[in-house]
Number of protein chains: 2
Amino acid sequence: MSLTEENYLKALIYLSFLAPGIKEKKDVGTNELASYLKLKSSTVNEMLKRLKEKNLIHHEKYKKISLTNSGERTGLKIVRKHRLWETFLFTKLGFDWIEIHEVAEQLEHIKSEKLVEKIDMLLGYPNYDPHGDPIPDKCGKIPQRICKNLSTVERGKNCVVLAVRNTSRDFLNYLEDLNISIKTEIAIVGKIAFDNSIKIKIKNKQHSISNKVADNLLVDDSFN
Amino acid sequence: MSLTEENYLKALIYLSFLAPGIKEKKDVGTNELASYLKLKSSTVNEMLKRLKEKNLIHHEKYKKISLTNSGERTGLKIVRKHRLWETFLFTKLGFDWIEIHEVAEQLEHIKSEKLVEKIDMLLGYPNYDPHGDPIPDKCGKIPQRICKNLSTVERGKNCVVLAVRNTSRDFLNYLEDLNISIKTEIAIVGKIAFDNSIKIKIKNKQHSISNKVADNLLVDDSFN
DNA sequence: TATAATAGTTAGTATTACCTAACAATATAA
DNA sequence: TTATATTGTTAGGTAATACTAACTATTATA
Ligand SMILES: [Mn+2]
Ligand SMILES: [Mn+2]
Ligand SMILES: [Mn+2]
Ligand SMILES: [Mn+2]
């Protein structure tokens, strides 16, 4: 497995069921995959042939792409490694949650079963990475939990941030300005019908956030 | 810098001054480099053009190769990363000294200045890796110390193992059988003139080792 | 010093992973 | 249902990294 092939599988996993908002597995288009990977569709098309040859994907000419069991297993291992390395960088080396993704993007391709398992052990077998994303276990099983969009929480309720659905520098920097990170408690003070923006209170400081921001925060409000 | 280019620089560093037994910097031949990297000399020749283009080596047609200052600095950074990762795997993750090299061969190519420095800090700024090899500092400075070949220690003297000059599975496995690792104390009980083999005592157990084995162990006997 | 051995280079080919441009199939919409 | 837009494929090209085979320069030896 080349680094490039691994990245294709990871992308397919993301686009077919891991991306936020996907309820059930869906097939993926060539262009969709190409634009996600920032490649031309002709490039992707060539790789699809190789992945099919290796029995990692199902693909018929002019039809959509889906992962085989083998492809999904392999891809989930990369996701697992990525998220474990992010956790390692964050909790053991003091990287912040903005920096970790880029380095993990390299570390996820290190080939050593033992290394992954030792890092997992060192971290105490974490279930979620520093962005709140679930870490697949050795078998590819992804921990589930009840969580909802901050934008869907009712006025007057409190909630706790579980995950961010966007890990761009811009978004994470903005969250740091707002003092929002994983486990931050947020109170919904008011909702503006006009633009769906929300008034929230964090550590007794009030802020107003757009619907777009609220939509990228996953929270737990079940304790209300 | 590609992974491949980095490996060429590391190889040049090794062959020109880091390899055991080299007293002063020497230039490297194309074939010598090719055989060390297990590549054909024509392949190496092409890469030499690219490395010269990038000002990493000096090379005139039909002449020997030497590193520029820039090439040496860059190569030493890879050596530093390799040895720090080996130390990390050994001391923090419980890998044994036979396994670490292969994984470090991959980890040494991860591009993140911050990551290297954080790992260095986590390890407490070590000077030597688990094989006893010196770890270049951030500036490329290599710690020096007095040490000699076990084969040159006189009968009746005691010494402490500082480093192994060969990290092959076969050699390290044999050393484990003999109970020899870094810091092991060895007493020279006798020397056989016929084949230069040596009778040694480790933890009160006597063994006989060949000259070839003794030649691959660096020791300190200055405390006698 | 002439010749043979060794060392180093060049030419031509393959594979991976990318590209652009042109084309074909499918989906959408008038 | 035909025209158009979107989606997917093919052809042909490039750069990096490898190879084999053939060649040239340098070094060692007789
Ligand atoms: Mn990430
Ligand atoms: Mn990646
Ligand atoms: Mn090593
Ligand atoms: Mn390497």
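Throughout, a chain's letter reflects where its sequence line sits, starting with A, and its residues are numbered from 1.
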From B/Asp96, B/Asp129, B/Leu107, residue fulfilling side chain to side chain contact (heavy atoms under 4.5 Å, CB included) relative to B/Leu89: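 When B/Asp96, B/Asp129, B/Leu107 are each tested with B/Leu89, the side chain to side chain contact (heavy atoms under 4.5 Å, CB included) holds only for B/Leu107.
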Could you run through nucleotides 16-23 of chain C and give me one letter per nucleotide, 5' to 3': B if any protein heavy atom sits under 4.0 Å from the base, S if only the sugar-phosphate is that close, - if neither? SSBBBB--
Output the rounded distance in Å from [atom1] ([X]) to [atom2] ([N]).
| X | N | atom1 | atom2 | answer |
| --- | --- | --- | --- | --- |
| A/Leu33 | D/dT7 | CG | C1' | 13 Å |
| A/Leu15 | D/dT7 | CG | P | 14 Å |
| A/Glu60 | C/dT26 | CD | C1' | 16 Å |
| B/Leu48 | D/dA18 | CG | C1' | 14 Å |
| B/Tyr36 | C/dA7 | OH | P | 19 Å |
| B/Glu32 | C/dG8 | CD | C1' | 13 Å |
| B/Glu6 | D/dA16 | CD | P | 16 Å |

Just to be sure I understand the rule, does A/Lys63 reach a base, reach only the sugar-phosphate, or reach nothing, if contact means heavy atoms closer than 4.0 Å?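 A/Lys63: no heavy atom of the nucleic acid under 4.0 Å.
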Any side-chain to backbone donor/acceptor pair from B/His101 onto B/Glu86? Under 3.5 Å, distance only.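 Between the backbone of B/Glu86 and the side chain of B/His101 there is no qualifying donor-acceptor contact (under 3.5 Å).
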So B/Leu51 and B/Tyr8, do their side chains get closer than 4.5 Å, heavy atoms only?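 The answer is yes, as the side chains (C-beta and beyond) meet within the 4.5 Å cut-off.
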A/Asn166: partners by side chain to side chain donor-acceptor pair (under 3.5 Å), with sequence neighbours left out: A/Ser168
Check: B/Phe88 ring centroid to A/Phe88 ring centroid under 6.0 Å: yes
Among A/Glu5, A/Glu72, A/Glu105, which residue satisfies the salt bridge (charged side-chain N to carboxylate O under 4.0 Å, His left out) criterion with A/Lys10? A/Glu105
Looking at A/Lys49, does any N or O in its side chain come under 4.0 Å of the phosphate oxygens OP1/OP2 on D/dT10?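 A/Lys49 to D/dT10 OP1/OP2: side-chain N or O found under 4.0 Å.
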With respect to the phosphate group of D/dT24, does any side-chain polar atom (N or O) of B/Lys61 fall under 4.0 Å of OP1 or OP2? no
